[in-house]
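I have placed the structure first, in the form of structure tokens, so that the comments after it can refer back to it.
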Amino acid sequence: MPTPSGGLEVPLWRSIAVFRFASLAYVGVLVLRDADRYAHPLAAGGVLLVMLAWSGATAAGYARPAGRRWPLLLADLGVVLAIMLATPWVVGRAALAAGVPTLTVAWLAGPVLAWAVSGGRRRGAVAALVLGGADLATRERISQSSLTGVILMLLAGVVVGHVARLAVTAEERLQRAVELEAATRERERLARDIHDSVLQVLALVQRRGAQLDGEGGELARLAGEQEAALRALIGRSGGDPDDDGGSRDLRGLLDRYATATVAVSAPAGPVPLPARVARELAAATGAALDNVARHAGGRAWVLIEDEGETVTVSIRDEGPGIPDGRLAEAVTQGRLGVAQSIRGRIADLGGAVRIVSTPGQGTEIELVVPRSGR
């Protein structure tokens, strides 16, 4: 799992660097205290310098988002493992059996924390189990305190990984909230400007030309449609997330079809659907309205019904209706608007299409989809 370079993770990486140097200081105190009991005290001093250099290298590497990837993570784990495996030779098995601490002590938890922050609970647990197993393998005698240390390191990896994932999620949500607020403010500003100019002009053209015949009446009708479309656009409260993993409010997607001849009715509250389901349902609705415009003319009504487990969109017109057998005939002629653009989309979502048409009394199309899609 790649690690986002978000700002909320930066304090966690800095905390890991502080932990490394603080735990290294503790290691230095123990080395000075127990050096006379080591099998190779000079080698212990060299290992201490290696640990100091590696602490500085990881602090610099993890400070950059590009450095928080597998090469440095694996190298970090490998260096600590090498130091742990060298402990029996440097300290001596007799000293370890007598209770002398290993060289790494708490310093070995550095890679566990780094893996946890970079990849969450599972990655932190894996690093903790690897290092914990190596730590137990270097000991002559496994005591309750050594087992407790391994358990604490495992818990640290799981907890820190969980907190790191929460930080990433919180940052993503904060970013979406900031973007949504900015979009809402810009929409409100545009709405004020449009209301003061374009909408007033369109409304004036519609009123003055409504009683005219010919091209004047047609211009008035077009002005009315554009006024209705603009009012629907600026009347929406804000944008929806535009990613396949999020959800979208179906009302916002269908509002765009509102015109002077198409009325859209929706519940007072949001109608959230998975993004793909909402887009496909809106596209099928658009295809149905295209058929109304081409074959029925006149007015059309779109109704959104949120029924809990399912969502239904009804499109009704006042046209001449569909003659019996006309849809099957259209399929044989290769005209697949209803078959593919409407039925096909809804079938892919696990839904159903119901068409009720009476000659001379219009047509009603019901698009019913499960909320979760398929």
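Nothing fancy with the numbering, it's 1 onward along the sequence. The structure displayed is predicted, hence computed values, not measured ones.
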Are [X] and [Y] in one and the same hydrophobic cluster, where Ile, Leu, Val, Met, Phe, Trp and Tyr link if side-chain heavy atoms are under 4.5 Å apart?
| X | Y | answer |
| --- | --- | --- |
| V368 | I355 | no |
| L129 | V117 | no |
| L85 | L131 | no |
| V80 | L154 | no |
| F21 | L108 | yes |

_The criterion is ring pair (Phe, Tyr, Trp, His ring centres under 6.0 Å); which residues satisfy it with W107, sequence neighbours excluded?_
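Partners of W107 by the ring pair (Phe, Tyr, Trp, His ring centres under 6.0 Å) criterion come out as none, since no residue qualifies.
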Without swapping roles, check the side chain of [X] against the backbone of [Y] for a donor-acceptor pair under 3.5 Å.
| X | Y | answer |
| --- | --- | --- |
| T285 | L281 | yes |
| R251 | A268 | yes |
| R173 | A170 | no |
| Y62 | I16 | no |

Measure the shortest side-chain to side-chain distance between [X] and [Y] over non-hydrogen atoms and say whether it is less than 4.5 angstrom.
| X | Y | answer |
| --- | --- | --- |
| V313 | L250 | yes |
| R33 | V29 | no |
| L180 | R176 | no |
| T363 | I315 | no |
| R123 | S118 | yes |
| N291 | I342 | yes |
| M153 | I151 | no |
| L147 | L136 | yes |

Please report the shortest heavy-atom distance between [X] and [Y], naming the atom on each side.
| X | Y | value |
| --- | --- | --- |
| P111 | A127 | O-CB, 4.4 Å |
| L289 | A300 | CD2-CB, 4.1 Å |
| V277 | P370 | CG1-O, 4.3 Å |
| D76 | A114 | OD2-CB, 4.2 Å |

*In the hydrophobic clustering that connects Ile, Leu, Val, Met, Phe, Trp and Tyr at side-chain heavy-atom distances below 4.5 Å, which members other than V178 occupy its cluster, ordered by chain and number?*
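Taking Ile, Leu, Val, Met, Phe, Trp and Tyr as members, V178 shares its hydrophobic cluster with L174.
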*Would you mind listing the cluster partners of L42? Hydrophobic ones only (ILVMFWY), side-chain contacts under 4.5 Å, chaining allowed.*
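Its cluster mates, by chain and number: none.
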_Test of understanding: with salt bridge (Lys or Arg N to Asp or Glu O under 4.0 Å), list the residues that count as partners of R371, not counting sequence neighbours._
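Counting only residues at least two positions away or on another chain, R371 forms a salt bridge (Lys or Arg N to Asp or Glu O under 4.0 Å) with D306.
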*Partners of R354 by salt bridge (Lys or Arg N to Asp or Glu O under 4.0 Å), sequence neighbours excluded?*
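Only E366 meet the salt bridge (Lys or Arg N to Asp or Glu O under 4.0 Å) criterion with R354.
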Going by the ring-ring contact (aromatic ring centres under 6.0 Å, His included) test, which pairs reach into [range], not counting sequence neighbours?
| range | value |
| --- | --- |
| residues 112-156 | W70-W115 |
| residues 120-175 | none |
| residues 31-58 | H40-W89 |
| residues 297-319 | none |

Roughly how far, to the nearest 0.5 Å, is [atom2] of [Y] from [atom1] of [X]?
| X | Y | atom1 | atom2 | value |
| --- | --- | --- | --- | --- |
| S372 | L349 | OG | CG | 10.0 Å |
| R279 | R248 | CZ | CZ | 6.5 Å |
| I83 | L48 | CD1 | CG | 9.5 Å |
| L273 | D249 | CG | CG | 8.5 Å |
| L367 | R343 | CG | CZ | 10.0 Å |

*Decide whether Q175 and E171 meet the rule of one side-chain donor and one side-chain acceptor closer than 3.5 Å.*
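No.
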*Contact list for residues 311-322, test side-chain hydrogen bond (donor to acceptor under 3.5 Å, both in side chains), sequence neighbours left out*: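 For residues 311-322: E307-T312.
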_The criterion is side-chain hydrogen bond (donor to acceptor under 3.5 Å, both in side chains); which residues satisfy it with T58, sequence neighbours excluded?_
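Testing T58 for side-chain hydrogen bond (donor to acceptor under 3.5 Å, both in side chains), a comparison that skips the adjacent residues, returns R20.
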*Determine, for E280 against R276, whether the closest basic-nitrogen to carboxylate-oxygen distance falls under 4.0 angstrom.*
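Looking at E280 and R276, the cut-off is not met.
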*Considering only NZ, NE, NH1 and NH2 on the basic side and carboxylate oxygens on the acidic side, decide whether D135 and R139 come within less than 4.0 Å.*
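Yes, D135 and R139 are salt-bridged.
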*Mind checking what makes side chain to side chain contact (heavy atoms under 4.5 Å, CB included) contact with R64, not counting sequence neighbours?*
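With neighbours one apart ignored, the set is A66.
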